[in-house]
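What follows is one structure encoded as structure tokens, with my remarks underneath.
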2 protein chains.
Amino acid sequence: MPTEKFSMYSYLLDRTARRVKQYAQRRFNQENLDVTVDQWLILKNLNKGVDLSQSELAELTGKDHPTLTRIIDLLCKKGLTERRVHPGDRRSFTVHLTEAGEQSVVVWSPKVAEIRMKAWENLTEEDYELLKKILNKIYSNLDL
Amino acid sequence: MPTEKFSMYSYLLDRTARRVKQYAQRRFNQENLDVTVDQWLILKNLNKGVDLSQSELAELTGKDHPTLTRIIDLLCKKGLTERRVHPGDRRSFTVHLTEAGEQSVVVWSPKVAEIRMKAWENLTEEDYELLKKILNKIYSNLDL
DNA sequence: TTAATATATTTGTCATACTAATTATTATCA
DNA sequence: TGATAATAATTAGTATGACAAATATATTAA
């Protein structure tokens, strides 16, 4: 006997995720951090000194390939990343953080972390852990 | 001292919400329910015998006005809703479920509820309640 | 080695999200 | 009343998300 409450939970989840992203984006804009929240996620994942292929980046960031291609296009246009030919596979690129990209990550990481904190105010460590557990459970329930 | 873990939680939230929507949409398509998840949300909110203005619908469903306008456009094109002049305010429309729209809601509600359940398998009542509480907390932390 | 298959990326299309600006109408106040 | 401000909806522009199909290159198998 299906219950409608699960539709309600789905709605709450969607609405909350949107607001979290919207809040962060507005703060990015206020601070004149000239990237989107999704672009930032890519930069952050590149900042390990390791160049990654687009496929690897897509996997890490949970983006599909067309979306990732377009995000990289924009980051390259902004001069924050560049595509380099993959040694040994001409189908592939490695995405490389430029000097400017590196600088952005270094300079902005603390501010971004601070912005991201806001959503989780008034929650306990236990809440974080439980939320993480529940979200991962949901995610794996829908394994595609 | 800002911590990066909150960026991680934000990422998990976003990723999970996307997968929940994606799963539902795929099931909608498989079942030949010819609306999007977001369009369905609108239909469902109209199915109380009460016509709502677009502003009211936007408020109820958490959509912004431009998005709502376009969703209503599509629903009207599909013959599931129609715009009616608001008696007493010529700026406004009331959105009305057509006969076909009513039928869709009646026919598909149980299947949609069933589809929506899938995400929440293996979670306890307590998990639901806590998740709801936490999501609402986050939402209100970011009051805009 | 050639033919079939698989993989990495891109392109195209539609839907949604957010912002800013516009239009039409209504409400308010000097 | 008449100017100003507020509200409802729309339009336009950019970014992301999902899906399908195309392109180029690699890999595998007959």
Side-chain angles (χ1 to χ4, degrees), chain A residues 11 14-30 34-42 51-59 61-78 81 83-95 142 144, chain B residues 11 14-30 34-42 51-59 61-78 81 83-95 142 144:
Chain A
Y11 166 68
D14 182 68
R15 181 179 87 150
T16 305
R18 270 189 287 124
R19 178 164 284 195
V20 166
K21 182 183 275 190
Q22 184 187 27
Y23 173 80
Q25 189 63 60
R26 286 187 183 182
R27 294 296 312 279
F28 279 25
N29 296 343
Q30 279 167 16
D34 186 32
V35 294
T36 66
V37 168
D38 299 285
Q39 288 163 16
W40 177 260
L41 179 64
I42 306 296
D51 294 357
L52 298 169
S53 75
Q54 295 190 190
S55 287
E56 288 165 333
L57 264 177
E59 176 65 26
T61 60
K63 306 289 178 192
D64 63 14
H65 291 194
T67 298
L68 195 85
T69 290
R70 280 154 191 145
I71 292 178
I72 298 298
D73 286 347
L74 292 169
L75 286 173
C76 288
K77 201 175 295 176
K78 289 177 179 174
T81 61
R83 288 186 171 94
R84 295 182 169 178
V85 290
H86 188 110
D89 191 340
R90 286 191 300 173
R91 289 170 302 185
S92 188
F93 295 106
T94 50
V95 184
L142 304 180
L144 303 178
Chain B
Y11 166 68
D14 182 67
R15 181 178 87 151
T16 306
R18 271 188 288 124
R19 178 165 283 195
V20 167
K21 183 183 275 189
Q22 184 187 25
Y23 173 80
Q25 188 63 62
R26 285 187 183 183
R27 294 295 312 280
F28 279 24
N29 296 343
Q30 280 167 15
D34 186 32
V35 294
T36 66
V37 167
D38 299 285
Q39 288 163 15
W40 176 259
L41 179 64
I42 305 297
D51 293 358
L52 298 169
S53 74
Q54 295 190 189
S55 287
E56 289 165 333
L57 264 177
E59 177 65 26
T61 59
K63 304 292 178 191
D64 59 30
H65 291 197
T67 298
L68 195 84
T69 290
R70 278 158 191 141
I71 292 177
I72 299 298
D73 285 347
L74 292 169
L75 287 173
C76 287
K77 201 174 296 176
K78 289 177 180 174
T81 62
R83 289 187 169 94
R84 294 183 171 178
V85 289
H86 188 111
D89 191 341
R90 287 191 299 173
R91 288 169 303 185
S92 189
F93 295 106
T94 49
V95 184
L142 304 179
L144 303 176

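Within every chain, numbering begins at 1; the chains are lettered A, B, ... in the order of the sequence lines, protein sequences first and strands thereafter.
Per the geometry, OH belonging to B/Tyr23 stands 16 Å off P belonging to D/dA18, to the nearest Å. D/dT14 atom C1' lies 13 Å from atom CG of A/Asp34, rounded to whole Å. Rounded to a whole Å, the CD1 atom of A/Ile42 is 11 Å from the C1' atom of D/dT16. Separating the CG atom of B/Asp64 from the C1' atom of D/dA9 is a distance of 12 Å, rounded to the nearest angstrom. When the P atom of D/dA15 is taken as reference, atom CZ of A/Phe28 falls 15 Å away, rounded to whole Å. Look at CG on B/Asn29: it is 10 Å from C1' on D/dC19, rounded to the nearest Å. Summarising the geometry, the separation between CZ on B/Arg15 and P on D/dA18 is reported as 13 Å, rounded to the nearest angstrom. Here D/dA15 presents its C1' atom at 13 Å from CZ of B/Arg18, a figure rounded to the nearest Å.
The closest donor-acceptor contact from the side chain of A/Thr69 to the backbone of A/His65 lies under 3.5 Å. Between the side chain of B/Arg18 and the backbone N or O of A/Gly62 there is at least one donor-acceptor pair closer than 3.5 Å. A donor-acceptor pair is defined here as one N or O able to donate and one able to accept, closer than 3.5 Å; no such pair exists between the side chain of A/Gln22 and the backbone of A/Arg19.
Once rounded to the nearest 0.5 Å, the distance linking CG of A/Asp34 with CZ of A/Phe28 reads 11.5 Å. Once rounded to the nearest 0.5 Å, the distance linking OG1 of B/Thr36 with CG of B/Leu74 reads 7.5 Å. In this structure, the separation between CZ on B/Phe93 and SG on B/Cys76 is 9.5 Å, given to the nearest 0.5 Å. Between the CD1 atom in A/Ile42 and the NZ atom in A/Lys63 there is a gap of 6.5 Å [rounded to 0.5 Å]. Interatomic distance, A/Leu52 CG to A/His86 NE2, rounded to the nearest 0.5 Å: 11.0 Å.
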Sub-3.5 Å pairs of nitrogen or oxygen atoms, protein against nucleotides 20-22 of chain D:
none

Which atoms of nucleotides 4-7 of chain D (N or O only) lie under 3.5 Å from a protein N or O atom, and what are those distances?
| from | atom 1 | to | atom 2 | distance (Å) |
| --- | --- | --- | --- | --- |
| D/dT7 | O2 | B/Arg91 | NH1 | 2.8 |

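Taking 4.0 Å as the cut-off between side-chain N and carboxylate O, B/Asp73 and B/Lys78 do not count as a salt-bridged pair. Using a cut-off of 4.0 Å between Lys/Arg side-chain N and Asp/Glu carboxylate O, B/Asp64 and B/Arg70 are scored as not salt-bridged.
As judged by a 4.0 angstrom heavy-atom cut-off over every strand, A/Thr69 is placed among the base-contacting residues. Across all strands, A/Arg83 comes closer than 4.0 Å only to sugar-phosphate atoms, never to a base (heavy-atom distances). Across all strands shown, A/Arg19 has no heavy atoms under 4.0 Å from either base or sugar-phosphate atoms. Looking at heavy-atom distances under 4.0 Å, B/Arg70 makes contact with a base. Nucleic acid contact for A/Thr67: base, since at least one base atom lies under 4.0 Å from a heavy atom of the residue. Within the nucleic acid shown, B/Ile71 comes within 4.0 Å of sugar-phosphate atoms alone, with no base atom in reach, counting heavy atoms only. Among the protein residues, A/Gln25 comes within range of no part of the nucleic acid, since none of its heavy atoms lies under 4.0 Å from any strand. Residue B/Asp38 is classed as a sugar-phosphate contact, given heavy-atom separations below 4.0 Å to backbone atoms only. Using a 4.0 Å heavy-atom criterion, one finds that B/Asp89 contacts the sugar-phosphate atoms exclusively. Looking at heavy-atom distances under 4.0 Å, B/Leu74 makes contact with sugar-phosphate atoms alone, never a base.
Residue whose closest nucleotide on DNA chain C sits further toward the 5' end, between A/Ile72 and B/Gln39: A/Ile72. For A/Lys21 and B/Gly88, each mapped to the nucleotide of DNA chain C holding its nearest heavy atom, the one lying further toward the 5' end belongs to A/Lys21.
Minimum atom distance to the side chain of B/Phe93 is reached by D/dT10, of the listed D/dT10, D/dA18, D/dA26.
A nucleotide of DNA chain C counts as in contact with chain B when one of its atoms lies under 4.0 Å from a heavy atom; the first and last such, 5' to 3', are C/dA15 to C/dT26.
Scanning all heavy atoms of the two residues, the minimum distance from A/Val37 to A/Gln25 falls at N-OE1, 2.8 Å. Minimum interatomic distance between A/Leu57 and A/Thr61 (heavy atoms only, all atoms of both residues): O-OG1, 2.7 Å.
For A/Lys63, no side-chain nitrogen or oxygen approaches OP1 or OP2 of D/dT16 to under 4.0 Å. Phosphate proximity of D/dA8 to B/Ser53: absent, as no side-chain N or O sits under 4.0 Å from OP1 or OP2.
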Check against side-chain hydrogen bond (donor to acceptor under 3.5 Å, both in side chains), A/Tyr23 and A/Arg27: CA-CA 6 Å; A/Tyr23 173 80; A/Arg27 294 296 312 279; 3.0 Å; yes
